[in-house]
Amino acid sequence: EYLTGHLPTHLKGLDAALSGGIPFGALTELVGPAGIGKTQFCLKISVLATLPSCYGGLDGHVIYIDVESKFSSRRLIEIGLNSFPEIFHLEGMAKEMAGRITVLRPGSLSEFTESLQKIKVSLLQNQVKLLVVDSMAALVSGEYEQGPPRQHPLGWHISFIKSLAEFSRIPVVMTNQVRSRSATEISNYSFQGERRDDCGNFDSHLVAALGIHWAHAVTIRLVLESRSGKRFIKVAKSPMSPPLSFPFKITSSGILL
Ligand code: GTP
C-alpha cells in the first residue's frame, strides 16, 4: 500500500512507531473494552485535525459519525483549551474549531448507508481531513453473533469506507468495543494480520464482531487495554511497526502518553 502523509497523534512513542501518526488513505481501528478511552482518543485526534498546520494539525474539517451519542463538544473544547491554550483562548476560536467538526448520528444501518453516500460528496470538496466512526460494532451489535456464517451486514460499508479513505487520501479512524479479555487476546495474536488463537483458529471475538472481511480491510489496529490499573495502547497490526505498547493517561487535555 502506498501511504502518503500522517495525522500526528502527539503521542510521541506512538507517532514514532507509526512513522509519523495515523496514515492517510487507510483504515485505522481502535479496539478495546468499554471505558478504556476510545472516544477520548477520537476527540483528541479531531482537535488535532482542525488545528492550524503550524501547530502540527491538518487545518481541516472532520466528519464524526457518532453512533452511540458519545461525542461531546464540551469535552472537545476542554481538550482544545488545555492542550493548545494559545489557539483556543483566542476570541471566537473555540467555536470556530468546534464548528469544523460535523457530527452525524445515524440511528440505523440504512441511515448509516445514507450518511456514507453524503460523506462521499463532502470529501470531494477537499476540506475534510479526518473521518471518525465511533463505533462501528455498535451499528450491528448483537445482530451478527449468532447463527451460521453469512454475508456480514457491514460488508458493503467496510468496502465503501476503505474506498473513501483511498480516493480522498484522508485518515479514517474507527472504533470497536470488545470484552476486556478478548482485547488482550486480540493484542496478543493479531500482529501482522495473524488473527489466530492458541489453537490456531481465527480470533472468534473479532470475527464475530465484524467479520473476517473487516479484519483484512484494516491497515492499522491499535488495541487499548488495561493492565495492573494502567492503560496501554498497543500497535497490534501495522505494516511498519513491531507490536510496541505505550502507557497512556486520560487527563483534562485528553489522552496523553
Ligand atoms: P465505550 O464507548 O464505552 O466503549 O468506551 P470508550 O473506550 O470510548 O471510553 P471513553 O473514551 O468514553 O473513555 C472513558 C474514560 O475516559 C473514563 O473512564 C474517564 O476516565 C475518561 N474521561 C471521560 N471523560 C472525561 C473528562 O471529561 N475528563 C477526564 N479527565 N477524563 C474523562
Side-chain angles (χ1 to χ4, degrees), residues 7 9-11 14 22 27-50 62-85 88-89 94 97-98 101 103-107 112 130-145 154 171-187 190 203 205-206 208-210 214 218 220-237 245-257:
L7 168 59
T9 64
H10 289 222
L11 305 173
L14 184 64
I22 299 180
L27 303 189
T28 296
E29 181 185 25
L30 292 179
V31 193
I36 192 74
K38 302 181 294 297
T39 300
Q40 298 301 310
F41 189 102
C42 293
L43 292 173
K44 181 90 186 219
I45 58 171
S46 297
V47 169
L48 294 169
T50 63
V62 175
I63 296 180
Y64 196 112
I65 304 187
D66 179 27
V67 179
E68 297 177 291
S69 295
K70 298 206 47 210
F71 180 87
S72 155
S73 11
R74 184 202 55 79
R75 176 65 174 145
L76 181 96
I77 289 170
E78 181 187 44
I79 293 172
L81 283 169
N82 288 308
S83 311
F84 304 99
F88 275 77
H89 279 294
M97 303 302 262
I101 300 171
V103 181
L104 304 176
R105 294 206 168 93
F112 181 54
L130 172 67
L131 171 63
V132 174
V133 185
D134 182 24
S135 99
M136 197 69 185
L139 284 159
V140 288
S141 54
E143 277 181 42
Y144 187 66
E145 292 201 20
L154 286 177
V172 175
V173 175
M174 330 186 66
T175 69
N176 269 317
Q177 188 182 305
V178 288
R179 289 198 315 268
S180 179
R181 201 173 65 88
S182 53
T184 311
E185 283 165 11
I186 290 167
S187 129
S190 70
D203 186 304
H205 305 290
L206 192 60
L210 286 173
W214 168 261
V218 165
I220 309 266
R221 172 167 301 112
L222 302 175
V223 175
L224 281 68
E225 57 193 350
S226 166
R227 289 198 306 265
S228 338
K230 279 195 181 157
R231 296 176 208 255
F232 291 87
I233 185 161
K234 179 170 182 172
V235 184
K237 179 184 178 189
S245 187
F246 308 94
F248 73 95
K249 290 187 187 128
I250 305 178
T251 71
S252 57
S253 310
I255 77 158
L256 291 178
L257 282 190

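All ligand and atom numbering here is 1-based and tracks the order in the structure.
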Between the main-chain N or O of Gly32 and the side-chain N or O of Lys38, is there a donor-acceptor pair closer than 3.5 Å?
-> yes
In a check of side-chain contact (heavy atoms from CB on, under 4.5 Å) between Ser46 and each of Leu76, Val173, Ile79, which one passes?
-> Leu76
Between CG of Asn176 and CG of Leu30, what distance do you get to the nearest 0.5 Å?
-> 9.0 Å
Return the set of residues passing ring-ring contact (aromatic ring centres under 6.0 Å, His included) with Phe248 (not counting sequence neighbours), or none when no residue passes.
-> none
By ring-ring contact (aromatic ring centres under 6.0 Å, His included), Tyr64 pairs with (sequence neighbours left out) Phe71
Atom pairs, nitrogen or oxygen, ligand 1 to protein, under 3.5 angstrom:
residue	atom	partner	partner atom	Å
ligand 1	2 (O)	Lys70	NZ	2.3
ligand 1	3 (O)	Gly35	N	3.4
ligand 1	4 (O)	Lys38	NZ	2.8
ligand 1	4 (O)	Gln177	OE1	2.8
ligand 1	5 (O)	Gly35	N	2.7
ligand 1	5 (O)	Lys70	NZ	3.3
ligand 1	7 (O)	Ile36	N	3.3
ligand 1	7 (O)	Gly37	N	3.0
ligand 1	7 (O)	Lys38	N	2.8
ligand 1	7 (O)	Lys38	NZ	2.8
ligand 1	8 (O)	Thr39	N	2.9
ligand 1	8 (O)	Thr39	OG1	2.8
ligand 1	8 (O)	Lys70	NZ	3.1
ligand 1	9 (O)	Gly37	N	3.2
ligand 1	11 (O)	Lys38	N	3.3
ligand 1	11 (O)	Thr39	N	2.9
ligand 1	11 (O)	Gln40	N	2.8
ligand 1	12 (O)	Lys70	NZ	2.9
ligand 1	20 (O)	Arg231	NH2	3.2
ligand 1	24 (N)	Gln40	NE2	3.4
ligand 1	27 (O)	Arg75	NE	3.2
ligand 1	28 (N)	Arg75	NH1	3.4

Results of ring-ring contact (aromatic ring centres under 6.0 Å, His included) for Phe84 - residues two or more places apart only | His10
